[in-house]
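Here is how names work: the chains are called A, B, and so on, in the same order as the sequence lines, proteins then strands, and each is numbered from 1.
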Amino acid sequence: MTKKEKKSFNQSLAEWKLFIYNPTTGEFLGRTAKSWGLILLFYLVFYGFLAALFSFTMWAMLQTLNDEVPKYRDQIPSPGLTVFPKPLTALEYSFTVSDPRSYQGYIEDLRKFLKPYDLEEQKNLTACPDGALFEQKGPIYGACQFPVALLQACSGVDDPEFGYSRGNPCVLVKMNRIIGLKPQGEPRIECISKSENTAALSTYPPNGLIDLKYFPYYGKKLHVSYLQPLVAVQVSFNATSSTVNEVTVECKIDGSPNLKNQDDRDKFLGRVVFKVTARA
Amino acid sequence: MGRWGTRGTVTPHEQNPSPRPRRESNTGKRRKTKRKKKKTDLEELKKEVVLEDHKLTLEELSAKYSVDLTMGLSPRRAQEILRQDGPNTLTPPPTTSKWFKFCKQLFSGFSILLWVGAILCFVAYGIQFHQKEEPTKDNLYLGIVLAAVVIITGCFSYYQEAKSSKIMESFRNMVPQQALVIRGGEKIQINVENVVVGDLVEVKGGDRIPADLRLISSQGCKVDNSSLTGESEPQTRSPEFTHENPLETHNICFFSTSCVEGTAQGIVIATGDSTVMGRIASLTSGLVVGKTPIAVEIEHFIHLITAVAIFFGVSFFGLSLILGYGWLESVIFLIGIIVANVPEGLLATVTVCLTLTAKRMAQKNCLVKNLEAVETLGSTSTICSDKTGTLTQNRMTVAHIWFDKTIYKADTSEEQTGDSSGMGKTFAKGSATWFILARIAGLCNRADFKAHQETLPIAKMSIHLQDDSNQTHVLMMKGAPERILEFCSSYLLKGVEYPMDDEMRNDFQKAYMELGGLGERVLGFCFLNLPSTFSKGFKFNTDEINFPMDNLCFVGLVSMIDPPRAAVPDAVGKCRSAGIKVIMVTGDHPITAKAIAKGVGIISEGNETAEDMAAQLQVPISQINTREAKACVVHGSDLKDMTAEQLDEILKNHTEIVFARTSPQQKLIIVEGCQRLGAIVAVTGDGVNDSPALKKADIGIAMGITGSDVSKQAANMILLDDNFASIVTGVEEGRLIFDNLKKSIAYTLTSNIPEITPFLLFIIANIPLPLGTITILCIDLGTDMVPAISLAYESAESDIMKRAPRNPRSDNLVNHRLIGMAYGQIGMIQALAGFFTYFVILAENGFKPSDLLGIRLNWEDRFFNDLEDSYGQQWTYEQRKVLEFTCHTAFFVSIVIAQWADLIICKTRHNSVFQQGMKNKILIFGIMEETFLAAFLSYTPGMDTALRMYPLKLSWWFCATPYSILIFVYDEIRKLIIRRHPGGWLERETYY
């Protein structure tokens with residue numbers, strides 16, 4: 001075939017104009033008003049029907065769900081560990097001791113977070129026996145008290161600045177909530193400093209113990225005022241004189257055979273690594 | 001003429017300084033200007049051959065080529081000319097390099113989009129690499145996968161193309177031919193390529209003519225010009241100038257035709273590309289061939305899909321920037337949208353489908369040279385068929401015999417199995433006249449005879465010894481009937497001689513006219529028992545006749561024709577009912593052409609040409625409204641003077657057309673005319689004269705057995721059995737594959753919607769990503785492939801040979817209805833199936849749909865490891881990512897399950913599946929294969945690390961089934977309504 005002659009710009013523009021609106025046939029974008037009406041009506045009915053069907057199947061599916069416990073829990077067999085407060089970037093706490101504004105955020109977050117742990121708030125909670133799972137049959141599920149005093153130096157009672165103003169910051173370590181999880185053995189959080197001898201770590205409660213009485217968890221709906229057990233880690237730098245102190249801390253769950261603390265892919269399964277940088 | 005004379009001893013190529021219309025002889029000039037003026041050259045080539053050499057006297061010829069007509073050129077001079085002109089061979093058609101072809105495969109179609117995707121992946125990876133110490137390698141892997149996809153599909157397409165073009169290589173083996181030239185008075189055998197202009201060449205029966213020759217002497221020379229002109233009969237060649245037209249004059253022999261009998265000497269007037277044959281060959285290779293219809297369709301489709309992909313990609317790239325996503329994230333969305341929009345496996349699927357059809361056609365004796373031509377026959381609306389060798393057997397066969405005043409019909413079928421009893425009269429083999437006639441015909445057939453052209457221009461005569469009679473010699477003669485009759489004074493009737501009377505003459509005239517009117521070549525036969533004075537050993541002298549040549553006894557007439565092949569009339573009929581116009585284009589005479597056209601149904605019974613009508617009504621032709629005549633026979637000489645408009649008029653107004661006496665250039669013009677009218681043209685032919693038309697046609701069909709190399713080179717398809725009927729198979733297969741490709745594409749495109757929508761909702765509704773790029777690739781290149789290919793095996797829904805050929809302008813492979821069906825309707829249902837499964841899995845694991853909206857930012861935050869679900873549980877990043885990838889797997893499985901139903905509904909476009917049946921075993925295999933593949937990808941250990949696909953609970957497989965059933969039910973209802981209300985709104989809007 002011979003090469004098509006290139007259409008001039010005006011010509012193609014005219015063609016486009018005609019396509020957008022053709023006054024002779026009354027066609028708009030290649031269809032007449034009636035044609036547009038019919039096709040739109042068709043799709044309106046069609047999609048309306050589909051939406052109805054989708055809603056119906058979704059509704060039917062939601063009916064099969066239990067409000068209290070999810071159908072499957074096998075995707076989270078073992079809890080992850082997280083730290084609090086949440087640092088701004090990744091998992092690096094960095095602040096300047098002499099500049100209160102640099103750690104103000106952390107302190108406020110901690111205060112807010114520990115609010116439910118106030119003695120006042122815990123008045124209605126059960127004082128459960130230590131060292132045993134607190135299994136309940138319902139219909140009302142009670143929550144065990146977690147006295148904030150267990151966090152000792154990091155409780156914010158004695159030191160409302162959680163050690164930040166002295167360069168010995170507190171970081172809370174907590175275990176993810178999983179419905180029905182019953183740890184075996186004596187679970188505790190063990191933290192070690194990865195950079196040798198630059199800092200001493202103290203954990204509260206002593207040994208980083210997590211009492212079994214906080215397990216199992218019965219879910220948001222049943223276990224309304226459940227308090228998550230916490231472990232606080234306080235970093236005390238050895239050389240207080242140096243201008244910049246840095247330490248990488250790794251915490252993991254230990255002492256419980258059914259709580260994993262090692263996974264190639266999941267760096268937060270039963271362990272957490274964070275870095276603290278304190279400037280003088 | 002004086003111009004030629006002045007040239008004297010100068011060689012032709014050193015003169016003629018201006019680029020005047022070239023002659024065949026000024027080879028050197030032509031070669032030099034060839035490249036510069038390629039375009040004008042082609043126009044030149046389309047013009048008729050201009051040649052003057054046949055008009056020259058021998059002296060002028062000798063002077064022009066400075067050659068001695070008995071001694072030939074001197075060997076040194078010949079060497080010089082050879083060095084100047086180059087070898088006497090045809091320049092092979094230019095070939096594109098393999099690398100170029102390969103690169104074309106790599107950068108055509110969707111490849112560009114995928115390359116963009118891959119490059120974006122690498123860019124995104126690079127940015128991530130610089131920004132973070134620990135980048136995810138996902139983008140790197142995806143980029144590599146995308147690049148691999150492009151390269152692999154490119155290699156695949158290239159391999160397929162290379163395989164089919166390899167077939168051609170086998171046709172190229174040209175055996176070096178020898179020629180006998182006289183140089184410096186010595187006869188020497190040289191290779192044909194060393195023959196030069198001016199050489200004195202000698203040819204004899206059986207030789208191929210080594211170059212264009214101007215004969216200077218000949219003895220009973222006949223040449224077969226059928227490959228050049230299409231005439232089946234051997235042509236006499238002698239040194240006389242008999243016709244203005246160089247193609248018809250007796251004193252020119254053409255390169256690559258063959259000498260059938262006799263010997264001749266001639267001067268070479270053109271070699272290689274400047275020969276008439278060479279001109280046709282260069283015209284052929286110089287033609288710019290349009291794209292095949294299927295290539296146009298696929299291009300249209302690619303443009304459509306690319307436009308959709310770019311539209312979605314760009315608008316969502318912009319949207320995500322507006323919504324406040326970062327550049328990097330937006331780029332990653334863009335990659336996802338591109339990957340989801342491009343049906344990566346589709347082009348490979350199309351290639352496989354075409355290959356399968358090509359194989360099927362090869363089994364039915366249609367060899368397809370390039371894959372895309374497979375479909376072309378299906379869209380063909382006009383077939384221009386050569387007569388000789390295609391419609392006919394290319395051998396002169398006795399068709400009718402007239403003796404005892406009766407016309408008998410002879411069996412002309414190829415296998416001699418034709419039932420002749422039904423037509424004409426049964427052979428009176430008992431008649432004594434038949435016995436004598438058969439003996440004359442047998443003995444006069446190239447028996448020992450002397451050329452006698454001075455006195456008996458077209459009569460052949462022989463004198464034989466007769467053993468069984470007292471008269472020793474009998475003179476037998478055959479020739480032009482009217483000349484034969486002149487010699488006769490008696491005639492034979494049932495073995496008894498009667499004196500010639502007017503009644504017999506009338507009968508003879510009637511029979512002669514009748515047979516001649518059938519387009520047959522009529523010969524008369526007579527004999528004379530010579531008196532015994534001519535005893536054994538008598539020296540007959542045909543130059544000075546020393547025996548009686550009058551009062552012969554007339555025996556009968558035999559008429560011969562190149563008969564049509566047996567299967568042709570039926571095949572022409574089938575083409576007709578399939579709405580294909582069959583035009584005969586031949587170099588042969590109009591009467592013969594018309595007779596054959598009538599014989600094979602190209603001019604159907606009851607249809608008359610304007611000339612016939614005029615003859616019937618006995619009015620002059622000018623009074624007939626030519627538009628009333630459906631049939632028409634156009635002579636090449638008329639065609640020469642026609643404008644393009646006039647030709648269009650003829651092609652438009654007549655349904656049954658025969659072009660006779662056409663030159664190769666005119667064949668080309670006819671094809672171009674048909675194409676101008678929007679037809680998709682198939683050309684069949686076997687000769688060199690057909691090759692320009694073969695090349696220009698949308699599909700050129702050459703004959704595998706009788707076809708010349710040049711024609712095979714120019715063609716797209718080769719009929720291995722030379723049978724026109726195979727074309728019908730080709731049309732049928734072509735139409736079937738077009739329908740099935742539509743189905744295949746409809747099937748494949750459907751899964752695009754469930755691939756795109758996850759990204760869109762991911763960006764807009766901020767939900768976790770429901771379907772990842774890897775799983776999209778698993779669908780496009782894994783599960784969708786075999787089912788899509790299996791649709792190529794689907795049988796036709798109705799008699800595809802009863803409907804008109806598709807209109808290439810309006811009946812597209814992919815139209816808005818197909819897109820509407822695939823994207824707007826079935827695709828949407830599939831997407832819902834996927835989303836339903838996705839929501840089910842997330843809800844059953846703790847994330848209720850209402851809590852998912854807007855969760856994306858936290859969900860995607862790698863350091864947010866206590867994300868709370870609807871039940872108060874907390875998830876680490878990796879835990880919810882595993883859940884997300886499980887959703888991807890489930891979404892993928894849902895698409896597979898919805899594609900079951902899609903595959904079944906795509907089996908038919910009009911009929912119900914219950915009418916069509918499930919006979920397609922490959923399709924059932926396809927369904928099983930995609931299911932097993934999905935299960936394999938989900939459950940094989942290690943897939944979690946390799947492809948991030950996770951095992952699913954059994955119940956999640958069934959989430960999509962209601963939607964799958966809905967697809968089936970919806971489409972069955974749709975097709976039912978279409979069947980009930982033909983031409984109704986639903987058909988107009990959804991019948992693809």
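- With B:K291 as reference, B:E299 is the one residue of B:E372, B:E297, B:E299 to meet the salt bridge (Lys or Arg N to Asp or Glu O under 4.0 Å) rule.
- Proximity to chain B is absent for every atom of A:Y226, based on heavy atoms less than 4.5 angstrom apart.
- Contact count versus chain A (heavy atoms, under 4.5 Å) is highest, among B:G824, B:G846, B:C959, for B:G824.
- Interface check for chain A: of the options B:F863, B:Y871, B:W985, B:Y950, the most heavy-atom pairs under 4.5 Å are formed by B:Y871.
- The parts of B:F864 that come within reach of chain A are both its backbone and its side chain, each placing non-hydrogen atoms under 4.5 angstrom from that chain.
- By number of non-hydrogen pairs under 4.5 angstrom with chain B, the leading residue of A:D74, A:I179, A:L181, A:I178 is A:I179.
- Within a 6.0 Å radius of NZ in A:K260, other residues, nucleotides and ligands contribute 12 heavy atoms or fewer.
- Neither the backbone nor the side chain of B:I841 comes within less than 4.5 Å of any heavy atom of chain A.
- Within the 4.5 Å cutoff, the side chain of B:F847 has no heavy atoms near those of the B:D851 side chain.
- Chosen from B:R676, B:R988, B:Q825, the residue pairing most often with chain A at heavy-atom distances under 4.5 Å is B:Q825.
- For the pair B:F836 and B:S894, the minimum side-chain heavy-atom distance is 4.5 Å or more.
- Proximity to chain A is limited to the side chain of B:E989, based on heavy atoms less than 4.5 angstrom apart.
- Heavy-atom distances place no part of B:K881 under 4.5 Å from chain A, backbone and side chain included.
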Stepwise ring-ring contact (aromatic ring centres under 6.0 Å, His included) check, B:H888 with B:F891: CA-CA 5 Å; B:H888 292 184; B:F891 204 112; 8.5 Å; no

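- Interface remark: B:T945 contributes backbone and side-chain atoms alike to the contact with chain A (heavy atom separation under 4.5 Å).
- For chain B, no part of A:L222 is nearby; none of its heavy atoms comes within less than 4.5 Å.
- Proximity to chain A is limited to the side chain of B:E868, based on heavy atoms less than 4.5 angstrom apart.
- Side-chain contact check for A:L151 versus A:Y117: every heavy-atom pair is 4.5 Å or farther apart.
- A:T57 touches chain B through backbone and side chain together, each having a heavy atom under 4.5 Å away.
- Heavy atoms of A:M61 lying under 4.5 Å from chain B belong exclusively to its side chain.
- By the 4.5 Å heavy-atom criterion applied to side chains, B:L761 and B:Y838 are not counted as neighbours.
- Chain A forms the most heavy-atom pairs under 4.5 Å with one residue out of B:T876, B:V882, B:L883, B:N865, and that residue is B:N865.
- At a 4.5 Å heavy-atom cutoff, B:S850 makes no contact with chain A through either its backbone or its side chain.
- For chain A, the nearby part of B:Y963 is the side chain; its heavy atoms alone come within less than 4.5 Å.
- A:Y218 does not touch chain B: none of its heavy atoms, backbone or side chain, sits under 4.5 Å away.
- Electrostatic pairing of A:E135 and A:K182 counts as a salt bridge here, judged by a charged N lying under 4.0 Å from a carboxylate O.
- In this structure, chain B has a heavy atom under 4.5 Å from the side chain of A:S35, while its backbone stays farther away.
- Looking at A:K275 and A:T248, their side chains never bring a donor and an acceptor atom within 3.5 Å of each other.
- A donor and an acceptor atom, one from each side chain of B:Q879 and A:D266, are nowhere located under 3.5 Å apart.
- The main-chain N or O of A:G208 is never found under 3.5 Å from a side-chain atom of A:R188 such that the two would form a donor-acceptor pair.
- At a 4.5 Å heavy-atom cutoff, the contact between A:F268 and chain B is made by backbone and side-chain atoms alike.
- Note: A:D67 leads A:D67, A:V272, A:L91 in heavy-atom pairs under 4.5 Å with chain B.
- Proximity of A:N176 to B:W875: side-chain heavy atoms (C-beta onward) are nowhere separated by under 4.5 Å.
- In this structure, A:D211 and A:F146 have side chains that are not in contact, with every pair of non-hydrogen atoms separated by 4.5 Å or more.
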